[in-house]
Protein chains: 2
Amino acid sequence: MSIGQYRAFVVAAETGSFTAAAIDLGITQPSVSELVRRLESEYQVQLFVRGPRRLTLTAAGEELLPHAQQIVAGAEAAERTLSDIQSLEGGVATFGLLRNGDYYLLSSLIERFHAEYPNVRVRLVGLNSVEVAAAVSTGELEAGLVVLPIDDEDLVVTPLFRDEVFYASADPARLQKPKTIAEFCAAPLVLYDAHYGWRDPTRRQLAARAQLEGLRVEARIEVEHIEAALGLVSRGAGDTIVCRAIAESSTMPEGVGVVPFEEPLYDTIAMIRGRSAGLSPATRELMRFARDMIPGPLPQG
Amino acid sequence: MSIGQYRAFVVAAETGSFTAAAIDLGITQPSVSELVRRLESEYQVQLFVRGPRRLTLTAAGEELLPHAQQIVAGAEAAERTLSDIQSLEGGVATFGLLRNGDYYLLSSLIERFHAEYPNVRVRLVGLNSVEVAAAVSTGELEAGLVVLPIDDEDLVVTPLFRDEVFYASADPARLQKPKTIAEFCAAPLVLYDAHYGWRDPTRRQLAARAQLEGLRVEARIEVEHIEAALGLVSRGAGDTIVCRAIAESSTMPEGVGVVPFEEPLYDTIAMIRGRSAGLSPATRELMRFARDMIPGPLPQG
DNA sequence: ACGTGGCATAGGGTTCTCCTGTGTCAATCG
DNA sequence: CGATTGACACAGGAGAACCCTATGCCACGT
């Protein structure tokens with residue numbers, strides 16, 4: 001019941017000769033002979049009739065052939081998949097991506113990578129930074145891009161650049177001058193990433209600042225998606241925070257303006273990977289691309 | 001690259017634990033551990049993350065899983081097929097059948113066999129006796145029913161019963177009294193089984209008789225199917241030969257009558273099987289059914 | 001602090017795989 | 001008609017794979 005046995009059987013059936021099959025498989029004729037014989041004796045079934053001049057499948061062999069072919073095809077596909085992962089000639093590079101990754105340069109990164117290695121598919125798993133970090137930490141993902149800070153000890157963290165975070169409102173009166181943390185805590189807030197709550201890195205920075213002054217940040221409304229939050233803000237339901245990349249994108253509704261914090265607040269985007277696990281070539285290469293695309297060392301955004 | 005490795009991988013991925021997989025597979029945990037490790041080292045790819053408390057698939061493992069499942073499914077199907085052939089609990093009994101087998105008791109034979117062994121499918125390959133004999137001789141088929149005589153030395157031949165062969169015509173004037181071979185040779189004949197020609201057993205008997213008297217049998221028209229021949233006969237294109245089973249069946253056109261030969265001619269139906277090859281239980285059982293259904297030893301009808 | 005669950009490692013026995021070399025048999029060719 | 005060729009079986013031996021038992025390690029829960 002080994003794959004070699006089924007492969008020998010299939011090739012022998014297709015070529016009509018043990019000798020030809022042996023050449024095809026790169027082994028010797030006695031080996032093919034024995035593989036098939038073992039398959040036959042294992043189940044007490046004759047699969048071939050050994051004519052003196054040619055080989056014929058029995059009815060039992062005819063029944064077995066399609067299943068054997070399925071096994072062999074599966075084995076070839078599996079083998080190809082495993083080799084491709086090592087070869088940059090196929091397969092998939094899987095990469096975790098912070099949820100707002102779309103707003104940065106990532107689409108062009110993928111474009112360039114795909115131009116360089118057209119046979120490698122790219123799978124970007126877009127989650128919150130918290131979840132990306134957890135997935136990389138457990139090994140489900142090899143690497144990813146996240147917003148700092150993150151807690152995990154077992155990750156290699158490479159900061160890439162930072163993006164300033166602004167206070168956003170539809171009321172111009174509240175955008176007159178840079179926001180203090182006290183003003184922020186008093187504001188009617190519409191926050192997003194409800195599922196992750198205060199584990200979200202940007203929120204954690206704000207919570208830490210508030211704590212230093214004995215304050216607490218509390219959201220009036222929490223929604224899941226930033227687009228929903230901005231919609232509410234534009235209709236005057238409250239204020240929120242956005243990073244520059246989003247503020248300058250087309251997602252930003254008309255009539256919503258931004259103002260910086262008094263003490264400037266930054267999202268730091270970093271690449272993370274597991275500390276111990278080896279990286280596949282495709283992932284390694286994708287990480288190199290990501291590093292190379294960053295304009296400089298931690299520019300201000 | 002063995003099936004055991006893929007099976008261990010699949011079960012471990014599904015159960016989330018090497019230990020559980022080992023119990024599932026009926027082997028020990030170190031064995032599972034080694035099988036997976038070998039699979040990983042074979043291709044230098046990590047498939048699982050061994051968490052202290054839990055096993056997690058890597059991205060590479062996720063890619064491999066469907067292919068591995070295909071291999072395992074194919075192996076299970078193959079194994080079941082091979083066991084079924086030995087067990088009378090499934091699988092297929094393949095049987096060669098003379099072309100006119102339908103006109104005998106065969107349909108009821110199949111019915112009874114199927115009632116006894118509902119899980120065994122029956123595949124009747126209906127060919128001319130010549131071809132059935134050749135297929136059984138080479139081993140492509142395990143057994144079959146044919147009309148004698150056949151040449152092959154390597155066959156075990158068990159005569160079952162015989163069926164008289166008549167001369168058939170649409171012209172009552174030619175059916176007055178039993179036909180002599182000389183009259184037969186002179187008649188305008190419409191014969192069937194064109195493809196096999198004079199290798200057909202019934203034809204061979206007639207040719208042998210003619211040869212004894214220095215005559216030759218020649219067909220005016222040859223067609224492939226007996227139904228076509230009878231159609232021509234009913235329209236007066238010539239005469240032909242039919243066995244009793246056909247003469248009494250609904251296939252026989254109105255207006256076509258039969259008369260025996262002066263020296264009675266019989267088709268002897270026999271069961272044949274290969275001399276050396278072992279028979280599968282299903283085929284052996286089907287042969288027993290066939291023997292049991294014969295009323296007596298070589299009855300005349 | 002101790003027991004438990006789960007994976008890794010070590011060492012050994014049995015079987016499988018693959019090789020080389022040789023025998024047999026039938027079909028083909030000079 | 002004898003020699004050659006082609007294809008499969010058989011024998012014996014080296015190496016690897018598979019599976020086992022026994023044991024160690026580590027994190028978790030009581």
Protein-nucleic acid N or O pairs under 3.5 Å, nucleotides 17-21 of chain C:
unit_1	atom_1	unit_2	atom_2	d
C:dT17	OP1	A:S2	OG	3.3
C:dT17	OP2	A:Q5	NE2	3.4
C:dT17	OP2	A:R38	NE	2.9
C:dC18	N4	A:E34	OE1	3.2
C:dC19	OP2	A:T28	N	2.8
C:dC19	OP2	A:T28	OG1	2.9
C:dC19	OP2	A:S31	OG	2.9

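Contact between the side-chain N/O atoms of A:R37 and the OP1/OP2 oxygens of D:dC8 is not found at any separation under 4.0 Å. At the phosphate of C:dG5, neither OP1 nor OP2 sits under 4.0 Å from any side-chain N or O atom of B:T19.
Summarising the geometry, the separation between CG on A:L55 and C1' on C:dA26 is reported as 15 Å, rounded to the nearest angstrom. At whole-Å resolution of the value, CD1 in B:I23 and P in C:dG6 are 8 Å apart. Atom pair B:F48:CZ and C:dG6:P shows a separation of 15 Å (rounding to whole Å applied). Nucleotide C:dC16 holds its C1' atom 15 Å from the CD1 atom of A:I3, rounded to whole Å.
For A:Q211, the CD atom counts as loosely surrounded, since its 6.0 Å shell holds 12 or fewer non-hydrogen atoms of other residues, nucleotides or ligands.
When all heavy atoms are compared, the tightest approach of B:H67 to A:T81 is CE1-OG1, 3.0 Å.
Take B:Y192 and apply the ring-ring contact (aromatic ring centres under 6.0 Å, His included) test, not counting sequence neighbours, and it matches no residue.
Rounded to the nearest 0.5 angstrom, B:E63 CD and B:L47 CG are separated by 11.5 Å.
Residues B:E142 and B:T283 bring a donor and an acceptor atom of their side chains to less than 3.5 Å of each other.
Taking the six-membered ring for Trp and thresholds of 30 and 60 degrees, B:F9 and B:F48 have ring planes inclined between 30 and 60 degrees apart.
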